Engineer: 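What follows is a single structure, and I will ask about it in a moment.
A, B, ... follow the sequence lines: proteins, then strands. Residue 1 opens every chain. Given the structure is predicted, the values throughout are model-derived calculations rather than measurements.
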Amino acid sequence: MNIIVCYKFVPDPEDIIAKPDGSISFEQAEWVISEYDLMAIETAVQLVEAHGGKVMALSVGGSQLSNSKGKKDVLSRGPDELYLVIDDALSESDTHLTAQTLAAAIRKMGEFDLVICGEGSADLYFQQVGLQLGELLGLPTINAVSKVEVADGKLIVDRSLEDEVEVLETVLPAVISVTTDINQPRLPTMKEILKAGKKPITEWKLSDLELAGKAEKRIEVLNVRSPKQVDRKRIKITAKPDEAVQTLIGYLSKEGVL
Amino acid sequence: MAVKDLWVFSEKTSLQAELLAGARTLAEATGGGVAAIVVGDETSAKAALAQGADKVFWLGEKADKLVEDFVPTIAGLVQSHKPCALLIGASKRGKAVAGRLGAALDTTVITDVKKFFVEGDVIQASHLIFGGGAVRVEKSATETMIATFGLGIFEPLAADPSRQGEIIQVPFIEPKTRWTLRERKPKPPSTVNLAAAKKVVCPGRGLQKKEDLDMIFELAGLLEAEVGATRPLCEGLDWLPRERYIGVSGAFIKPDLYLGIGVSGQAQHTVGITESRVVVAINKDEEAPLFAQADYGIVGDLYAIVPELIKALKARK
Ligand SMILES: Cc1cc2nc3c(=O)[nH]c(=O)nc-3n(C[C@H](O)[C@H](O)[C@H](O)COP(=O)(O)OP(=O)(O)OC[C@H]3O[C@@H](n4cnc5c(N)ncnc54)[C@H](O)[C@@H]3O)c2cc1C
Ligand SMILES: Nc1ncnc2c1ncn2[C@@H]1O[C@H](COP(=O)(O)O)[C@@H](O)[C@H]1O
């Protein structure tokens, strides 16, 4: 079976700097595969290991995606081919434009049985792209998938909701978004890292694709600010455990929280 | 804003009540009315009126359908009435409905809204991005803003069974795609209410094994605190149920005391504890970011500190 796995390339949230004027900057940030998309990639790789076929990784975004280390990183995690849509118009895309672009890319990529997305992107975490993509492709789509099985052209999933787990079935092709605990992604081996450099990569611009509508966003961002910081006392106690604990208890009883 | 009405949809009754209360407040600013979209029996349609809706679009009973199967029906309704906003409960199911609706209506969804307000005659929503590292204020570029809200954003109104309103029956539109439900496996109901806890003890990955939670629970017992956690302990390690994790994708807490034990203090987690009155950190790494966001911190090995703390608290009793 042919599986398309969608991953986002994001500035590492840990490298975000809050500036004194309250604005934020990620100019210093390293760009990485969105953490929870590693589980989506692993799901695709495991299914192909079990059923044969190939995994095509797909990402859309701004110029950061051309980063060769990033390309190698995703391919060393098991996908056989990489497809990228790189365009400045996508660098601050909303979920609508992202899903539209992914849908157009997928229509151009050809035959597939299953599209897998992650639970949510590490920067926006809207948990939306997979669902919007499924609807745009006119395919059955569902979120919160914590287990997948494929048999006789059918897809059977466990869907982990707040108060119950649903076991659902549909016919392929379909689009699913998987949870973060569906698997433990493996680390790339030296062999995979070496192989990664030789795998085929296809790069498109937006103008190479036929989007269903205009390449427009549906959300207008009015402002972005760092959340207000709370002033804390920042008293650090460095002492032997018993003394440190006594000091802490002293403080806490003064605060009236014991 | 052409039509000033606000609509609400949630398959969870308590969340529906909160959203209706939120919609009511906003409707005062827009000068519109409030409608609920309800899947269920006639009693639940009436309950939405009591919770604050002026009008109910009643889609009928769920029967053998999934809530998600009502997406084309809801999309049709939105298309013909064009409310200025559709507020959806941010359960997993709610997010699935919202996402598919967003795509079907050629728009998108603002998820996990923290603040919702009208400025001029524009509805704005704020929510967290970069794992809580930033707050972003947005507006919808289309006629109807679709947004999802978790629990605790709005205070529900007291149900008023005497409230009257119109109940409009809406015929079901068959979806193009379907999932067949094979089985439902209930999960044990959650008994924790972190949001209401006065004290919270929160272990992180500094804990080496599940059994070590025993000492955390013992400490929590002595402090009369609830046990929270960082996300990796609840997802991935599965040591504790999901309801216990604190942070951008988990619970937001406002206790008098938060005690983080072996917690590094990354934004995704700490954004959920900013409203704590006193924050305490225990970490062996002097550089752990949580220290900068704590009132008191002990630099040391939790396996030495926690037993000492238990001993000292017992001695005080
Ligand atoms: C989209 C997204 C959403 C997320 N949402 C959340 C969320 O809502 N909530 C959340 O918690 N996380 C969330 N995360 C995960 C988050 O990024 C961090 O990975 C997580 O909070 C770290 O948990 P931790 O502090 O327990 O572990 P670590 O970061 O591994 O920290 C462990 C700490 O324990 C200390 N330690 C180790 N041994 C000892 C010892 N013997 N004694 C004392 N100290 C010790 C270490 O010095 C270290 O500081 C999210 C991530 C993403 C990408
Ligand atoms: N720019 C992108 N390129 C490819 N896949 C994406 C992109 N953005 C989001 N996704 C996929 O959609 C999922 C949900 O993203 P989000 O709706 O932003 O939380 C992610 O986990 C990815 O699998």
Engineer: Is the count of non-hydrogen atoms from other residues, nucleotides or ligands lying under 6.0 Å from Lys65(B) atom NZ greater than 12?
Structural biologist: yes
Engineer: Answer with side chain, backbone, both or neither: which region of Leu252(A) has an atom nearer than 4.5 Å to a non-hydrogen atom of chain B?
Structural biologist: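 Contact with chain B is through the side chain of Leu252(A) alone.
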Engineer: Would you mind telling me which of Asp158(A), Ile156(A), Asp231(A) has the largest number of heavy-atom pairs within less than 4.5 Å of chain B?
Structural biologist: Ile156(A)
Engineer: Mind telling me whether Phe149(B) and Phe116(B) have parallel, tilted or perpendicular rings, with 30° and 60° as the class edges?
Structural biologist: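 Aromatic pair Phe116(B)/Phe149(B) classed perpendicular.
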Engineer: At a heavy-atom distance under 4.5 Å, which candidate from Glu68(B), Glu235(B), Arg100(B) has the highest pair count against chain A?
Structural biologist: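 It is Arg100(B).
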Engineer: Can you tell which part of Lys240(A) gets under 4.5 Å to a heavy atom of chain B, answering side chain, backbone, both or neither?
Structural biologist: neither
Engineer: Is the closest side-chain heavy-atom distance between Cys6(A) and Val129(A) below 4.5 Å?
Structural biologist: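 When only atoms from C-beta onward are counted, Val129(A) and Cys6(A) do not touch, as no gap falls below 4.5 Å.
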Engineer: Are Lys185(B) and Glu183(B) ion-paired here, with the side-chain N under 4.0 Å from a carboxylate O?
Structural biologist: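 Salt bridge between Lys185(B) and Glu183(B), a charged N being under 4.0 Å from a carboxylate O: no.
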Engineer: Any donor-acceptor pair under 3.5 Å linking the side chain of Lys311(B) with the backbone of Asp242(A)?
Structural biologist: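 The answer is no, because no donor-acceptor pair under 3.5 Å joins these two groups.
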Engineer: Is Gln100(A) in contact with chain B via its backbone, its side chain, both, or neither, using a 4.5 Å heavy-atom distance?
Structural biologist: side chain
Engineer: Any donor and acceptor pair, going by atom type alone, linking the side chain of Asp12(A) with main-chain N or O of Ala29(A) inside 3.5 Å?
Structural biologist: no
Engineer: Answer with side chain, backbone, both or neither: which region of Leu168(A) has an atom nearer than 4.5 Å to a non-hydrogen atom of chain B?
Structural biologist: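 Its backbone and side chain both get close to chain B.
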Engineer: Distance only, no hydrogens: is a donor on one side chain within 3.5 Å (strictly under) of an acceptor on the other, for Gln132(A) and Thr108(B)?
Structural biologist: yes
Engineer: Against chain A, work out which of Ala225(B), Pro175(B), Pro289(B), Ser276(B) has the most heavy-atom pairs shorter than 4.5 Å and name it.
Structural biologist: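 Maximum pair count with chain A is reached by Ser276(B).
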Engineer: What class does the angle between the rings of Tyr125(A) and Tyr36(A) fall in, given that below 30° is parallel, 30 to 60° is tilted and above 60° is perpendicular?
Structural biologist: perpendicular
Engineer: With only heavy atoms counted, which part of Leu248(A) is less than 4.5 Å from chain B, the side chain, the backbone, both or neither?
Structural biologist: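 When you check distances to chain B, only side chain atoms of Leu248(A) fall under 4.5 Å.
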Engineer: With a 4.5 angstrom heavy-atom cut-off, is it the side chain or the backbone of Ser160(A) that approaches chain B, or both, or neither?
Structural biologist: both
Engineer: Chain B heavy atoms under 4.5 Å from Asp94(A): which part of the residue, side chain, backbone, both or neither?
Structural biologist: side chain
Engineer: For Arg277(B) and Glu255(A), indicate whether the former's side chain and the latter's backbone hold a donor-acceptor pair under 3.5 Å.
Structural biologist: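 Side chain of Arg277(B) to backbone of Glu255(A): a pair is present.
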Engineer: Give me the one residue out of Lys92(B), Lys187(B), Lys12(B), Arg93(B) that meets salt bridge (Lys or Arg N to Asp or Glu O under 4.0 Å) with Glu162(A).
Structural biologist: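 Going through Lys92(B), Lys187(B), Lys12(B), Arg93(B) one by one, the salt bridge (Lys or Arg N to Asp or Glu O under 4.0 Å) with Glu162(A) is satisfied by Lys12(B) alone.
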Engineer: Please determine whether the number of non-hydrogen atoms from other residues, nucleotides or ligands lying under 6.0 Å from atom CD of Glu92(A) exceeds 12.
Structural biologist: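 Open.
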Engineer: With distance as the sole test, does Thr141(A) use its side chain to make a donor-acceptor pair with the main-chain N or O of Val175(A) at under 3.5 Å?
Structural biologist: yes
Engineer: Which bit of Asp112(B) comes within less than 4.5 Å of chain A, counting heavy atoms only: side chain, backbone, both or neither?
Structural biologist: side chain
Engineer: Below 4.5 Å from any heavy atom of chain B, which atoms of Ala122(A) appear? Answer side chain, backbone, both or neither.
Structural biologist: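 Only the backbone of Ala122(A) comes within 4.5 Å of chain B.
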Engineer: Does any heavy atom of chain B fall under 4.5 Å from the side chain of Glu166(A), the backbone, both, or neither of them?
Structural biologist: both
Engineer: At a 4.5 Å cut-off on heavy atoms, which part of Val230(A) comes close to chain B: side chain, backbone, both, or neither?
Structural biologist: side chain
Engineer: Let me know if Asp106(B) has heavy atoms under 4.5 Å from chain A in its side chain, its backbone, both or neither.
Structural biologist: both
Engineer: Name the option with the most non-hydrogen atom pairs under 4.5 Å to chain A; the candidates are Pro188(B), Ser249(B), Ala267(B), Ala98(B).
Structural biologist: Ser249(B)
Engineer: Contact part of Pro13(A) toward chain B, heavy-atom cut-off under 4.5 Å: side chain, backbone, both or neither?
Structural biologist: side chain
Engineer: Go through Ile282(B), Leu313(B), Ile298(B) and name the one with the most non-hydrogen pairs under 4.5 angstrom from chain A.
Structural biologist: Ile298(B)
Engineer: For Arg178(B), which atoms come within 4.5 Å of any heavy atom of chain A: side chain, backbone, both, or neither?
Structural biologist: backbone
Engineer: When only pairs under 4.5 Å are counted, which of Ile24(A), Thr95(A), Ile142(A), Val10(A) shares the most heavy-atom pairs with chain B?
Structural biologist: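 Ranked by heavy-atom pairs under 4.5 Å with chain B, first place is Ile142(A).
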Engineer: Quick check on the interface: out of Ile249(A), Leu136(A), Thr238(A), who has the most heavy-atom pairs with chain B under 4.5 Å?
Structural biologist: Ile249(A)
Engineer: Kindly confirm or rule out a cation-pi arrangement of Lys233(A) over Tyr251(A), judged by NZ or CZ under 6.0 Å from the six-membered ring centre and within 45° of its axis?
Structural biologist: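 Not satisfied by the 6.0 Å and 45° rule.
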Engineer: As an exercise: rank Lys176(B), Glu286(B), Glu275(B) by heavy-atom pairs under 4.5 Å with chain A and give me the winner.
Structural biologist: Glu286(B)
Engineer: Please classify the contact between Ile110(B) and chain A as side chain, backbone, both or neither, with a heavy-atom cut-off of under 4.5 Å.
Structural biologist: both
Engineer: Where the side chain of Arg234(A) meets the backbone of Ala292(B), is there a donor-acceptor pair that is under 3.5 Å apart?
Structural biologist: yes
Engineer: Glu169(A) versus chain B, heavy atoms under 4.5 Å apart: side chain, backbone, both or neither?
Structural biologist: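 Contact with chain B is through both the backbone and side chain of Glu169(A).
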Engineer: Among Thr179(A), Leu97(A), Leu155(A), Leu139(A), which residue has the highest count of heavy-atom pairs closer than 4.5 Å to chain B?
Structural biologist: Leu139(A)
Engineer: Quick check on the interface: out of Val224(A), Thr247(A), Asn223(A), who has the most heavy-atom pairs with chain B under 4.5 Å?
Structural biologist: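 Highest number of heavy-atom pairs under 4.5 Å: Asn223(A).
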Engineer: Using heavy-atom distances under 4.5 Å, tell me whether Ile273(B) contacts chain A through its side chain, its backbone, both, or neither.
Structural biologist: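 Contact with chain A: backbone only.
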Engineer: Measure distances from Val280(B) to the heavy atoms of chain A and classify the residue's part below 4.5 Å as side chain, backbone, both or neither.
Structural biologist: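 Side chain of Val280(B) only, per the 4.5 Å heavy-atom cut-off to chain A.
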Engineer: Can you tell me which portion of Leu181(B) sits under 4.5 Å from chain A's heavy atoms? Options are side chain, backbone, both or neither.
Structural biologist: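 For Leu181(B), backbone and side chain are both near chain A.
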Engineer: Looking at Val171(A), Asp123(A), Asn183(A), which has the largest count of heavy-atom pairs under 4.5 Å with chain B?
Structural biologist: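 If we count pairs closer than 4.5 Å to chain B, Asp123(A) comes out on top.
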Engineer: Would you mind checking which part of Glu216(A) comes under 4.5 Å of any heavy atom in chain B, side chain (CB onward), backbone (N, CA, C, O), both or neither?
Structural biologist: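 Neither the backbone nor the side chain of Glu216(A) comes within 4.5 Å of chain B.
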Engineer: Please determine, among Ala281(B), Ser91(B), Gly131(B), the option with the most heavy-atom pairs under 4.5 Å with chain A.
Structural biologist: Ser91(B)
Engineer: Check the surroundings of atom CZ in Arg186(A): do more than 12 heavy atoms from other residues, nucleotides or ligands lie under 6.0 Å from it?
Structural biologist: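 Yes, enclosed.
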Engineer: May I ask you to say whether Lys198(B) pairs ionically with Glu224(B), meaning some side-chain N is under 4.0 Å from a carboxylate O?
Structural biologist: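 Result for this pair is no, no salt bridge flagged.
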Engineer: Taking everything shown except Glu174(B) itself, do over 12 heavy atoms lie less than 6.0 Å from its CD?
Structural biologist: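 Atom CD in Glu174(B) is packed in, count exceeds 12.
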Engineer: Using a strict threshold of under 4.0 Å (side-chain N to carboxylate O), is an ion pair present between Lys95(B) and Glu119(A)?
Structural biologist: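 Salt bridge absent between Glu119(A) and Lys95(B).
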